[in-house]
Amino acid sequence: MAGTNQFPQQPTGMPPMGQPSMGPSGMPPMGRPGAPVPGQPEDKKKKKKPLIIIIIILLALILGIGLWWVLFASGNWFDSNAKSGQAPYKTNEEIQAELNRQVEEGMFNISIASVVEFADGASPGTAYIENIPGNRYDMMVEITLDDSGETVFQSGALAPDSYLDDITLSKDLDAGTYPATATFTAYDTESHEAVGKAAAKVSLVIRN
């Protein structure tokens, strides 16, 4: 018949499509057991995210304070193997010349043997890393291999007028000659803030 709309036939005993099923009292049922309550999971996730961020910040602060304590407050800033004075290979005239020289503010001199020899990869070698008396800054020295960039030595701080004679590499290298770079970082003697860097090319020679 014209004007009649046809709808899909509904299975017997089922409510019409698009209408909520009714409970015994004629009211829509109040949700199925175990079904998530809208809003709750999202709210919990939103609450967890700020909490995780706060925990990460606290851990970073604790780590920073711990590092500061190890380096500064506990007295471990300076290298325990450093010796006072100038490297022993110098003549008396050279030593006196260094004592008389004053390095300009903002400048510093670096000193290390150009070739450092080791009996084997685990033995010490003489490097004569020196912070001359005329420098105004503490120094730390890092030695890295040129081919890989890997750090094989890291010193503690050297005060002006102190030096390291022997060093031991942190990696047991095989016999051979390794081109490397010694990077000197200068630090303010009071605040321990880095103020500049300078580098020198060195050769690490492993005999056996």
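By convention here, the first residue in the shown sequence is residue 1. Computed from a predicted model, the values in this text were never measured in an experiment.
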Side-chain contact, heavy-atom cut-off 4.5 Å: V116 with V205?
-> no
Side-chain heavy atoms of E130 within contact of N109, under 4.5 Å | no
Name all pairs fulfilling the ring-ring contact (aromatic ring centres under 6.0 Å, His included) condition that reach into residues 132-176, sequence neighbours left out, sorted by first residue then second.
-> none
Remaining members of the apolar cluster that contains Y128, side-chain heavy atoms under 4.5 Å | Y89
With a cut-off of 3.5 Å and sequence neighbours excluded, list every side-chain donor-acceptor pair involving residues 138-145.
| residue | atom | partner | partner atom | Å |
| --- | --- | --- | --- | --- |
| D138 | OD2 | W77 | NE1 | 3.1 |
| E142 | OE2 | T151 | OG1 | 2.6 |

Between Q96 and N100, is any side-chain donor less than 3.5 angstrom from a side-chain acceptor?
-> yes
Pair D166-T126, side chain to side chain donor-acceptor pair (under 3.5 Å): steps then yes or no = CA-CA 4 Å; D166 292 339; T126 301; 2.8 Å; yes
Rounded to the nearest 0.5 Å, how far apart are CD of E94 and CD of Q86?
-> 9.0 Å
Report the distance from atom CG of L164 to atom CD1 of I112, rounding to the nearest 0.5 Å.
-> 9.5 Å
Salt bridge (charged side-chain N to carboxylate O under 4.0 Å, His left out) against D79, all qualifying residues, sequence neighbours excluded | none
For residues 168-180, the side chain to side chain donor-acceptor pair (under 3.5 Å) pairs (sequence neighbours left out) are E150-K171
Cluster check Y187, V195: I/L/V/M/F/W/Y, side chain < 4.5 angstrom = no
Do you know which two heavy atoms are closest between L204 and V152, and how far apart they sit?
-> CD1-CG2, 4.0 Å
If a pair satisfies salt bridge (charged side-chain N to carboxylate O under 4.0 Å, His left out) and one of its residues is in residues 192-207, list it, with sequence neighbours excluded.
-> E117-R207, D146-K201
